[in-house]
Amino acid sequence: MKKAYLVLTIIGFALPNYFVLKETLSSGNILLWTAPVATLQSMFANNITTAFSIDLLYVVMIFLWLSYREAQKHQIKGYGWVWLCTFAFGLAGGLPLFLYRREAAKEQV
């Protein structure tokens with residue numbers, strides 16, 4: 001399972017960040033962080049994007065809570081890096097990265 005999580009991590013970082021790279025090159029909004037107002041305006045531009053954005057933000061909050069509890073339970077060291085990757089590059093890569101780290105921690109027991 002650990003190898004599958006690693007593959008999913010790579011795919012999860014690559015797929016959405018392809019579009020982030022396209023946006024970075026066309027607008028100069030590097031990783032969607034250097035122009036936060038423009039990023040938020042795009043995220044909440046209409047009801048459809050708002051629905052997806054709210055859904056994603058809610059799931060990220062649940063992930064942060066769950067990953068904190070799981071990191072304590074399984075004594076996963078350095079899970080803050082997973083959070084950093086999630087905030088910088090997205091949940092699609094951050095979640096499988098955490099699952100990979102959790103499996104690695106389980107193997108050490």
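We're numbering straight along the sequence, starting at 1.
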Hey, quick one: are Phe19 and Phe87 part of the same hydrophobic cluster, counting side-chain heavy atoms closer than 4.5 Å, chains of contacts allowed? no
Using the side-chain contact (heavy atoms from CB on, under 4.5 Å) criterion, which residues pair with Leu15? Sequence neighbours excluded. Ile11
Any chance you could measure Arg101, atom CZ, to Thr9, atom OG1, to the nearest 0.5 Å? 11.0 Å
What pair of heavy atoms forms the shortest contact from Phe63 to Gly94, and how long is it? CZ-O, 3.8 Å
Does atom CD of Glu107 have more than 12 heavy-atom neighbours, drawn from other residues, nucleotides or ligands, at distances under 6.0 Å? yes
Tell me, please, which residues at least two apart from Gln108 pass side-chain hydrogen bond (donor to acceptor under 3.5 Å, both in side chains). none
Nearest heavy-atom contact between Phe13 and Cys85 is CZ-CB, 3.8 Å
Using a 4.5 Å cut-off on heavy atoms from C-beta on, say whether the side chain of Tyr5 contacts that of Leu97. no
When rounded to the nearest 0.5 Å, the distance separating CD1 of Ile10 from OH of Tyr100 is 9.5 Å
Quick one: pull up CD1 in Ile62 and CG in Leu66 and give me the separation to the nearest 0.5 Å. 9.0 Å
Is there a continuous path of hydrophobic side-chain contacts, each under 4.5 Å between heavy atoms, that joins Tyr79 to Val59? yes
If the condition is salt bridge (charged side-chain N to carboxylate O under 4.0 Å, His left out), which residues does Lys77 pass it with, not counting sequence neighbours? none
Among residues two or more places apart or on two chains, list those pairs meeting side chain to side chain donor-acceptor pair (under 3.5 Å) that have a residue in residues 10-25. Glu23-Ser27
Going by side-chain hydrogen bond (donor to acceptor under 3.5 Å, both in side chains), name the residues that satisfy it together with Lys106, two or more places apart in sequence or in a different chain. none
Report yes if some heavy atom in the side chain of Thr39 is under 4.5 Å from a heavy atom in the side chain of Trp33; otherwise report no. no
Set of residues satisfying side-chain contact (heavy atoms from CB on, under 4.5 Å) with respect to Asn46, sequence neighbours excluded: Ile48, Thr49
In short, side chain to side chain donor-acceptor pair (under 3.5 Å) pairs touching residues 50-62 with sequence neighbours left out are none
Leu25: which other cluster members, linking ILVMFWY side chains closer than 4.5 Å, directly or transitively? Leu21
Cluster companions of Met43 among Ile, Leu, Val, Met, Phe, Trp, Tyr (side-chain spacing under 4.5 Å): Leu40, Phe44, Ile54, Leu57
Close side-chain approach of Phe98 and Glu103, heavy atoms under 4.5 Å: no
Looking only at heavy atoms, what is the nearest atom pair of Leu91 and Pro96, with distance? O-CD, 3.9 Å
Any side-chain heavy-atom pair from Phe89 and Leu31 closer than 4.5 angstrom? yes
Any pair with a residue in residues 61-71 that passes side chain to side chain donor-acceptor pair (under 3.5 Å), sequence neighbours left out, goes on the list, sorted by first then second residue, please. Ser67-Trp83, Glu70-His74, Glu70-Arg102
